[in-house]
Participant: 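Take this structure, written in structure tokens, and hold onto it; I'll ask about it next.
Being a predicted model, the structure only gives us computed values, none of them experimental. As the structure lists them, so they are numbered: ligands from 1, and atoms in each ligand from 1. FYI, the numbering just counts along the sequence from 1.
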Amino acid sequence: MSAHLRLILWTCALALVPSPAVAQRPANELGQIMVLEYHKIDYPEARWTRTPENFRRDLERLWEKGYRLVALNNLLDGKVGVPPGTTPVVLTFDDSSPGQFRYLEKNGALEVDPECAVGILETFAREHPGFGLKATFYVLPAADPPNRLFNQPAHDGRKLQYLVSRGFEIGNHTLWHANLARYPEETVRKQLVLAQERIQRHVPGYRPRTLALPMGAYPREIAWAVRGSVNGSSYQHDAILQVAGGAAPSPFSKRFDPLRLPRIQALEADISYWLTHFDRTPRERFVSDGDPLTVTVPKGMKQAMRDPLPLGLRVVERD
Ligand SMILES: [Zn+2]
């Protein structure tokens, strides 16, 4: 074997082995998880806008610090399939603004704009095997432009179908960003079921499993948002996402409440705060054992676990 070939093989092997810092991190599947909340991916950087460059840098920082993407629905089911020593992180995008998903027309063909969130995520996943390609998009099917389904009306259906085909999730964010605290039961339920129907018009049978509350406002009774049926169509949300609140408890913790799931707004200051927080207090960080069938927790922590655990999972205590 030539020295050159040996070097190539060695480099490939190295790329697959987690860095020593990641591999040595002891598993703690009762640690906390970040659910990041993005709004616009656009210019200039502002309270509700992250530039494409900064978004890419967020992904870079997450990758380097040993975070890997998980789908929210999988997390809810207790399926955290990330490698040992790494930490799951969830990405969410609210309000279906144009910079989240844009098509460009090139020589008569459509391609995903490499500078929109979907394009950036796809390129990043390709260049960082193992990082994952997961996110949930909380879309508005009947908002005023530019927030109606990413603002390219000719491609509404194609975009929603594309998201699902790539393994992204679509979530409910009401029809047009209704503040659910302000409406009677009938309106709340209609907002939720009609939003789902609009999504299903493009992706038949698709059920948004999660709801992100516009402005973080719960309806007068939380039950209205959880499940219901209007004129024969029914909806059911397995999780309700807030607009703030910090890191989320582990899905295996007693403190995990899917109907009050906190998020971290993806602003420079907040992302930096939480990344530094977990660097300084690694005990609080969820670290995977790499085995999707076991939940590894530090000794003495068993009483903090949710009971029962999601079906089929076994507890392992470590020193
Ligand atoms: Zn919103």
Participant: Leaving out waters, which are not shown anyway, how many protein N, O or S atoms lie closer than 2.8 Å to the Zn ion (ligand 1)?
Facilitator: 3

Participant: Just by distance, do the side chain of H173 and the backbone of A212 share a donor-acceptor pair under 3.5 Å?
Facilitator: yes

Participant: I'd like to know if the side chain of R314 and the backbone of L293 have a donor-acceptor N/O pair within less than 3.5 Å.
Facilitator: no

Participant: Anything under 3.5 Å between a donor and an acceptor, one on a side chain of residues 218-229, the other on a protein residue two or more places apart or in another chain? List them.
Facilitator:
{"from": "Y218", "atom 1": "OH", "to": "Q242", "atom 2": "NE2", "distance (Å)": "3.2"}
{"from": "Y218", "atom 1": "OH", "to": "L259", "atom 2": "O", "distance (Å)": "2.8"}

Participant: Do the rings of W274 and F278 sit parallel, tilted or perpendicular, given the 30° and 60° boundaries?
Facilitator: tilted

Participant: Would F93 and Y206 show up in the same hydrophobic cluster when neighbours are defined by side-chain heavy atoms closer than 4.5 Å?
Facilitator: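 F93 and Y206: one cluster.
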
Participant: To the nearest 0.5 Å, what is the distance between CG on D42 and CZ on R50?
Facilitator: 13.5 Å

